[in-house]
Amino acid sequence: WDAWMSLTNLSSNGFRQHTNQNLTRFNGNVGAQIGSNTETRFFLSGNQIRQQIPGSLTQQQFWTNPQQGPLANILQNTRRDIDSFRFANTTVIDIDDDSLTFQSYVKSKYLFHPLTFAVIDNNLLDWGVTSQYKGSRQIAGYRNDFVAGVNFFAGTNRNKQFVNNFGLPGALTNDVTEQSSSVELYGENWFYVAPTVSIVTGVQVNWANRALTDNYLVNGNDSGMRSYFEVNPKVGALWEPRKDLQFFANVSRASEPPTWSELNPSVAPGFANLAPQTSWTAEIGTRGKVGTNLGWDLSIYRSWVKDELQLLVVPGFGGNAIAVNIPATIHQGIELGLNGTAWEGKGGDRLSGRLALTYGDYRFDNNPIYGNNQLPGAPPFYFQAEARYATPGGFYIGPNIEWVPQGYYVDNVNNPAFMTTPYALLGAKAGYTGFKGVEIFVDARNLTNTMYMSNVSVTSNANAASQLYNPGNGASVFAGIQARF
């Protein structure tokens with residue numbers, strides 16, 4: 001048998017007003033071999049999060065003083081406090097060249113979440129069980145690989161809402177029990193028409209249920225139930241001319257039923273009438289390696305999305321949002337990842353690097369109000385790169401960069417006056433891993449102290465009072481010790 005555990009603590013006083021946080025995380029697992037063909041592993045994790053929430057800023061507030069927090073957030077002591085535990089097991093049984101995997105988990109989570117307009121108090125318990133069979137057979141002399149499985153997930157959340165009295169719960173204003181369950185059957189098959197070429201087919205069948213019980217009838221009865229059923233097929237081809245080299249193409253359907261945060265938003269409690277988001281996606285790409293010096297992963301895709309779930313900020317509610325369905329949208333783009341070793345010395349010293357580039361063109365599709373406008377909230381281009389010099393003794397150091405070369409819209413009408421601005425961030429990280437199970441590191445970020453918008457909320461039509469912008473941290477240094485046992 002073997003065991004592993006890690007304990008992490010992060011404390012920060014933040015770049016902005018009202019951004020103090022303390023995060024403590026524990027992760028551990030223990031595994032054992034049972035006989036000659038069975039392995040089981042148990043996992044335990046816990047989180048304690050104490051996090052102040054500064055709130056989003058208007059455009060003018062951002063450019064005047066990005067470190068400020070809205071007064072309402074400070075007075076109402078907005079924050080996110082979470083205590084959670086998760087226990088899980090994975091058991092794998094080898095059956096000749098096939099394998100059968102069982103997984104199960106149970107998770108409890110308590111959330112205390114003062115917002116500017118209310119205090120959210122949640123007690124969540126969810127659990128799930130899954131099984132999967134992977135195998136390979138010969139069909140008419142041709143190789144055929146397959147995987148099939150079934151997943152079941154369920155959860156119950158007692159969701160209470162109170163008046164916020166300077167960060168403390170006042171009078172009760174809403175109390176509901178949210179129940180969800182889902183069953184997923186799936187299978188995927190690779191039929192090799194040649195030793196290096198396979199035809200890929202698959203299907204996923206989903207049943208999802210949402211049931212709301214209203215325990216607070218003063219403001220009416222929102223109790224109800226919704227069910228969602230979707231069938232998602234997939235077809236494609238995979239060519240593997242040699243080991244560590246693949247070319248692929250596929251067309252697939254996907255579906256996403258609305259979550260409880262979308263069906264029962266804090267700013268408008270109830271049971272929203274939302275459709276599941278569905279899409280068809282066509283994708284081509286390649287991944288592979290050239291020796292030990294260069295690896296890549298490239299994909300080009302286009303998705304036709306129906307009833308996309310979009311979160312729109314509600315004015316006057318501190319950046320909180322409600323979900324709406326967009327009838328039709330288009331998502332298309334390119335994702336590229338590269339990694340490799342540029343130099344390796346005779347003594348084992350190495351100079352390596354990695355980069356990731358994404359290009360996304362997301363827009364409405366002949367919308368009666370917004371035409372073919374771009375969907376707000378995401379940059380068209382995003383680039384990350386890192387170089388690292390490492391020694392055999394465990395020391396490493398290197399620079400990194402994050403670059404958004406083009407601003408993006410924050411509203412559906414695509415008002416250029418409220419677009420974000422481009423930015424580039426320079427950082428560096430150094431550390432030492434020479435101690436067994438222990439890493440010492442120093443991580444310096446935004447060395448040039450650039451003022452930038454790290455992310456935004458979105459709305460239908462922004463104005464000068466729209467609180468949408470979340471400033472990124474200025475120049476900062478993180479240092480710590482990470483221990484694994």
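In this structure, F435 and Y432 have perpendicular ring planes: the angle between them is above 60°, well past the 30° mark. Taking the six-membered ring where the residue is Trp, F146 and Y133 present parallel rings, their angle staying beneath 30° rather than reaching 60°.
The distance from the CH2 atom of W127 to the CZ atom of R86 is 14.0 Å, given to the nearest 0.5 Å. With values rounded to the nearest 0.5 angstrom, R80 atom CZ is found 10.0 Å from Q21 atom CD. Between L263 atom CG and D222 atom CG the span is 12.0 Å, to the nearest 0.5 Å. Taking CD from E262 and CG from N325, the interatomic distance works out to 9.0 Å, rounded to the nearest 0.5 Å. In this structure, Y301 OH and Q332 CD are separated by 8.5 Å, a value rounded to the nearest 0.5 Å. Separating the OG atom in S261 from the CG atom in L309 is a distance of 9.5 Å, to the nearest 0.5 Å.
A side-chain donor from one of Q384 and Y382 sits under 3.5 Å from a side-chain acceptor of the other. For N412 and Q310, the side-chain atoms include at least one donor-acceptor pair closer than 3.5 Å. With 3.5 Å as the limit, one finds a donor-acceptor pair spanning the side chains of S11 and N22. Side-chain polar atoms of D349 and T391 form no donor-acceptor pair below 3.5 angstrom. Side-chain contact of N264 with E178: a donor-acceptor pair under 3.5 Å is present, judged by distance alone. Judged by distance alone, the side chains of Y396 and E439 do bring a donor and an acceptor atom under 3.5 Å apart. With no hydrogens or angles considered, a side-chain donor-acceptor pair links T329 and E308 at under 3.5 Å. Between D145 and S136, the side chains place a donor N or O and an acceptor N or O closer than 3.5 Å (distance only, hydrogens not considered). Side-chain N/O atoms of E335 and Y359 include no donor and acceptor closer than 3.5 Å. No side-chain donor-acceptor contact under 3.5 Å links R363 and N372. Side chain to side chain, N232 and R253 meet the donor-acceptor criterion of an N or O pair below 3.5 Å.
When all heavy atoms of A268 and I322 are compared, the closest pair comes out as CB-CG2, 4.2 Å. Between F229 and V205, the shortest heavy-atom contact is CE1-CG1, 3.6 Å. When all heavy atoms of M453 and Y423 are compared, the pair lying nearest together is O-CE2, 3.8 Å. Nearest approach of A428 to D443, heavy atoms of both residues: O-OD1, 3.5 Å. Residues N367 and P327 approach most closely at ND2-CD, 3.9 Å, considering heavy atoms. Across every non-hydrogen atom of N206 and S255, the tightest pair is ND2-OG, 3.6 Å.
For the pairing with Y110, the side-chain hydrogen bond (donor to acceptor under 3.5 Å, both in side chains) check across D81, D83, D121 returns one residue only, D121.
Put simply, the side chain of F383 reaches to within 4.5 Å of the side chain of L355, judged on heavy atoms. Residues F102 and S104 fail the side-chain proximity criterion, which asks for heavy atoms closer than 4.5 Å. Side-chain atoms of V129 and Y105, non-hydrogen and from C-beta on, never get closer than 4.5 Å to each other. Using a 4.5 Å cut-off on side-chain heavy atoms (C-beta onward), N159 and W260 make no contact. The shortest distance between side-chain heavy atoms of E188 and V200 falls below 4.5 Å. For the pair V290 and W296, the minimum side-chain heavy-atom distance is below 4.5 Å. Contact annotation: the side chain of I300 never approaches that of E283 to less than 4.5 Å [non-hydrogen atoms, C-beta and beyond]. Between L125 and V106 there is a side-chain heavy-atom pair separated by less than 4.5 Å.
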query: Checking side chain to side chain donor-acceptor pair (under 3.5 Å) for the pair T177/T213: CA distance, chi angles, key distance, verdict?
result: CA-CA 5 Å; T177 301; T213 302; 5.5 Å; no

query: Should R25 and T8 be marked as a side chain to side chain donor-acceptor pair (under 3.5 Å) after you check the CA-CA gap, both sets of side-chain angles, and the distance that decides it?
result: CA-CA 5 Å; R25 293 189 172 97; T8 303; over 6 Å; no

task: Quick one: do R137 and D98 satisfy salt bridge (Lys or Arg N to Asp or Glu O under 4.0 Å)? Show the steps, please.
output: CA-CA 10 Å; R137 299 289 186 272; D98 298 354; 2.7 Å; yes

- prompt: Under the side-chain contact (heavy atoms from CB on, under 4.5 Å) criterion, do T90 and V92 qualify, and how do the steps go?
  reply: CA-CA 7 Å; T90 298; V92 180; 4.3 Å; yes

field: Residue pair V30, W4: steps toward the side-chain contact (heavy atoms from CB on, under 4.5 Å) verdict
entry: CA-CA 6 Å; V30 57; W4 174 88; over 6 Å; no

- prompt: Can you list the steps and then say if R242 with E240 is a salt bridge (Lys or Arg N to Asp or Glu O under 4.0 Å)?
  reply: CA-CA 5 Å; R242 62 170 174 80; E240 303 173 274; over 6 Å; no

query: Does the side chain to side chain donor-acceptor pair (under 3.5 Å) test come out yes or no for T341 and N293, once each step is laid out?
result: CA-CA 5 Å; T341 300; N293 293 327; 5.0 Å; no

Candidate pair Q277 and K306, rule side-chain contact (heavy atoms from CB on, under 4.5 Å), full reasoning: CA-CA 6 Å; Q277 176 178 306; K306 180 182 178 183; over 6 Å; no

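For the pair R445 and F478, the distance from NZ or CZ to the six-membered ring centre is under 6.0 Å and the angle to the ring normal is within 45 degrees.
A donor-acceptor contact shorter than 3.5 Å is absent between the side chain of T24 and the backbone of Q48. Listed for the R388 side chain is no donor-acceptor partner under 3.5 Å among the backbone atoms of R350.
Listed by chain and residue number, F364 satisfy the ring-ring contact (aromatic ring centres under 6.0 Å, His included) test with Y370 (two or more places apart in sequence, or in another chain).
Between W207 and F152, the distance separating the two ring centers is not shorter than 6.0 angstrom. Ring centroid separation for the pair W403 and F381 does not come in under the 6.0 Å cut-off. Ring centroid separation for the pair Y142 and F191 comes in under the 6.0 Å cut-off.
Heavy-atom neighbours of R158 CZ from other residues, nucleotides or ligands within 6.0 Å: above the threshold of 12. Atom CH2 of W343 has more than 12 neighbouring heavy atoms from other residues, nucleotides or ligands inside a 6.0 Å radius.
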I'd like a table of donor-acceptor pairs (distance under 3.5 Å, sequence neighbours excluded) in which one partner is a side-chain atom from residues 35-42, with atom names and distances.
unit_1, atom_1, unit_2, atom_2, d
N37, ND2, D94, O, 3.1
E39, OE2, R41, NH2, 3.4
T40, OG1, N89, ND2, 2.9
T40, OG1, T91, OG1, 2.9
R41, NH1, D2, OD1, 2.9
R41, NH1, N29, OD1, 2.7
R41, NH2, D2, OD1, 3.3
R41, NH2, D2, OD2, 3.1

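Under 4.0 Å is where a charged nitrogen must lie from a carboxylate oxygen, and between D97 and K134 no such pair does.
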